[in-house]
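Please read all numbers here as calculations on a predicted model, not as lab measurements. Here, residue 1 is the first one in the sequence, and each next residue gets the next number.
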Amino acid sequence: MDQEVGKTSARVSRELEELLRYYRPVECYRGGERIDCLEVASELLERMGLDADTTVCNRRRDVCLRIPRGSRLDMQEIRGVEVYLQVDVGDYVRPGEVLAYVITNKGELRSWRSELEGYIVLLYEDPVAKPLKCYILVAREGVSLGGDR
């Protein structure tokens with residue numbers, strides 16, 4: 001009986017670890033120091049570029065993007081009553097790929113497709129915008145992938 005309980009609790013522990021993986025945050029680093037990703041998103045939205053080399057790590061996927069200062073970045077804005085993103089930080093997108101499904105104010109479900117090509121550097125949802133606005137920041141060049149910051 002104790003052996004069965006041990007096997008069950010080990011299985012449950014593994015399943016919980018896998019589930020918790022999906023709730024890991026995106027982390028941003030500059031000069032080896034962890035910084036608020038909101039600060040990086042604001043800088044990117046205002047200037048479409050970075051003042052310093054920055055690393056963005058998606059802990060859900062165990063991937064880090066190294067973005068050198070001066071990298072060319074583009075943004076795609078998605079708007080809708082509800083937005084269901086189909087991409088994540090670290091994904092490589094091409095024009096025509098589905099980025100999100102959007103519910104409009106008329107209750108219609110629409111797909112929102114990429115106009116850009118490159119690595120998704122950051123996803124930012126404007127918390128006060130009505131309808132909801134999501135910004136997808138894409139680096140076309142200069143980005144390198146890694147597994148750790």
Trainee: Kindly check if C28 and C57 bring their SG atoms closer than 2.5 angstrom.
Mentor: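 No, the SG atoms are not under 2.5 Å apart.
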
Trainee: Please name all residues satisfying side chain to side chain donor-acceptor pair (under 3.5 Å) with E82, sequence neighbours left out, ordered by chain then number.
Mentor: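 So E82 forms a side chain to side chain donor-acceptor pair (under 3.5 Å) with Y84.
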
Trainee: Following the transitive rule for hydrophobic clusters with a side-chain heavy-atom cut-off under 4.5 Å over Ile, Leu, Val, Met, Phe, Trp and Tyr, establish whether L85 and V81 coincide in one cluster.
Mentor: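 Unlinked, L85 and V81 end up in two clusters.
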
Trainee: Apply the test side-chain contact (heavy atoms from CB on, under 4.5 Å) to residues D53 and I67: give CA-CA distance (whole Å), side-chain angles for both, the deciding distance (0.1 Å), then the verdict.
Mentor: CA-CA 6 Å; D53 294 352; I67 311 150; over 6 Å; no

Trainee: Okay, side chain of S42, backbone of L38: is any donor-acceptor separation there less than 3.5 Å?
Mentor: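 Confirmed, S42 side chain pairs with L38 backbone.
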
Trainee: Going from CZ on R113 to CD on Q86, what distance comes out if it is rounded to the nearest 0.5 angstrom?
Mentor: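 Between atom CZ of R113 and atom CD of Q86 there are 11.0 Å.
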
Trainee: Rounded to the nearest 0.5 Å, how far apart are CG of D62 and SG of C64?
Mentor: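 Atom-to-atom, D62:CG and C64:SG are 8.5 Å apart.
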
Trainee: Atom CD in E33, atom OG1 in T55: separation rounded to 0.5 Å?
Mentor: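 Reported to 0.5 Å precision, the distance equals 12.5 Å.
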
Trainee: For the residue pair R30 / T54, report whether a side-chain donor-acceptor contact shorter than 3.5 Å exists.
Mentor: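 Looking only at side-chain atoms, R30 and T54 do form a donor-acceptor pair, the distance falling under 3.5 Å.
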
Trainee: A side-chain contact here means heavy atoms from C-beta on lying under 4.5 Å apart; do E77 and R79 qualify?
Mentor: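 SC-SC contact between E77 and R79 confirmed.
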
Trainee: Going through the distances and angles, do I120 and L137 end up as a side-chain contact (heavy atoms from CB on, under 4.5 Å)?
Mentor: CA-CA 6 Å; I120 295 179; L137 297 148; over 6 Å; no

Trainee: Which heavy atom in C37 sits nearest to a heavy atom in L122, and how many Å separate them?
Mentor: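 So the two residues come closest at O-CD1, 4.0 Å.
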
Trainee: Less than 4.5 Å apart, side chain to side chain, heavy atoms only: is that true for L50 and V40?
Mentor: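 A side-chain contact exists here, since the closest heavy-atom pair is under 4.5 Å.
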
Trainee: Only counting residues at least two apart or in another chain, list the ones meeting disulfide bond (SG atoms under 2.5 Å apart) with C134.
Mentor: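 C134 satisfies disulfide bond (SG atoms under 2.5 Å apart) with no residue once adjacent residues are dropped.
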
Trainee: Measure from the side-chain N and O atoms of R69 to the backbone N and O of A52, and report whether any donor-acceptor pair falls under 3.5 Å.
Mentor: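 No.
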
Trainee: Looking only at heavy atoms, which two atoms of G80 and P131 are closest? And how far apart?
Mentor: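 That closest heavy-atom pairing would be O-CB, 3.5 Å.
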
Trainee: Side chains of N58 and V56: does their closest heavy-atom pair fall under 4.5 Å?
Mentor: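 Answer no - side chains too far apart.
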
Trainee: Taking the side chain as C-beta and beyond, is there a heavy-atom pair between Q76 and L99 under 4.5 Å?
Mentor: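 Side-chain contact under 4.5 Å: yes.
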
Trainee: Does any part of the side chain of R60, heavy atoms only, come nearer than 4.5 Å to the side chain of V26, both counted from C-beta?
Mentor: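 Yes, at least one pair of side-chain atoms sits under 4.5 Å.
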
Trainee: Run D88 and R61 through salt bridge (Lys or Arg N to Asp or Glu O under 4.0 Å) and show every step you take.
Mentor: CA-CA 9 Å; D88 203 355; R61 297 183 54 222; 5.3 Å; no

Trainee: Do L123 and Y92 sit in the same hydrophobic cluster, where Ile, Leu, Val, Met, Phe, Trp and Tyr count as joined when their side-chain heavy atoms come under 4.5 Å apart?
Mentor: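 Yes, because L123 and Y92 connect within a single hydrophobic cluster, where side-chain heavy atoms sit under 4.5 Å apart.
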
Trainee: Main chain of R94, side chain of E97: is a donor-acceptor contact present, judged purely on distance under 3.5 Å?
Mentor: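 Yes.
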
Trainee: Mark yes when over 12 heavy atoms from residues, nucleotides or ligands other than R140 sit less than 6.0 Å from its CZ; otherwise mark no.
Mentor: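 More than 12 within 6.0 Å, yes.
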
Trainee: Evaluate the criterion side-chain contact (heavy atoms from CB on, under 4.5 Å) for residue pair L116 and V138; output intermediate values, then yes/no.
Mentor: CA-CA 7 Å; L116 307 170; V138 176; 4.0 Å; yes

Trainee: Are W112 and I103 linked, directly or through intermediate hydrophobic residues, by side-chain heavy-atom contacts shorter than 4.5 Å (ILVMFWY only)?
Mentor: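 No.
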
Trainee: State, to 0.1 Å, how close V89 and V121 come at their nearest heavy-atom pair, and which atoms those are.
Mentor: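 Smallest interatomic distance, heavy atoms only, reads CG1-O, 3.4 Å.
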
Trainee: Side-chain contact test, heavy atoms from C-beta onward, threshold under 4.5 Å: evaluate it for R110 versus Y101 and give yes or no.
Mentor: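 Result no, sub-4.5 Å side-chain heavy-atom pair not found.
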
Trainee: Can you name the nearest heavy-atom pair linking A100 to I78, along with the distance?
Mentor: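 Result for this residue pair: CB-CD1, 3.9 Å.
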
Trainee: Can you name the closest pair of heavy atoms from R66 and P68 and give their distance?
Mentor: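 For R66 versus P68, the nearest heavy atoms are O-CD, 3.5 Å.
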
Trainee: Can you list every side-chain hydrogen bond (donor to acceptor under 3.5 Å, both in side chains) pair that touches residues 118-129, not counting sequence neighbours?
Mentor: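 Sorted pair list comes back empty.
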
Trainee: Should we say atom OH of Y135 is surrounded by more than 12 heavy atoms from elsewhere, each under 6.0 Å from it?
Mentor: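 Yes.
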
Trainee: Counting distance only, does the side-chain N/O of E27 pair as donor-acceptor with the main-chain N or O of R59 below 3.5 Å?
Mentor: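 The answer is no, because no donor-acceptor pair under 3.5 Å joins these two groups.
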
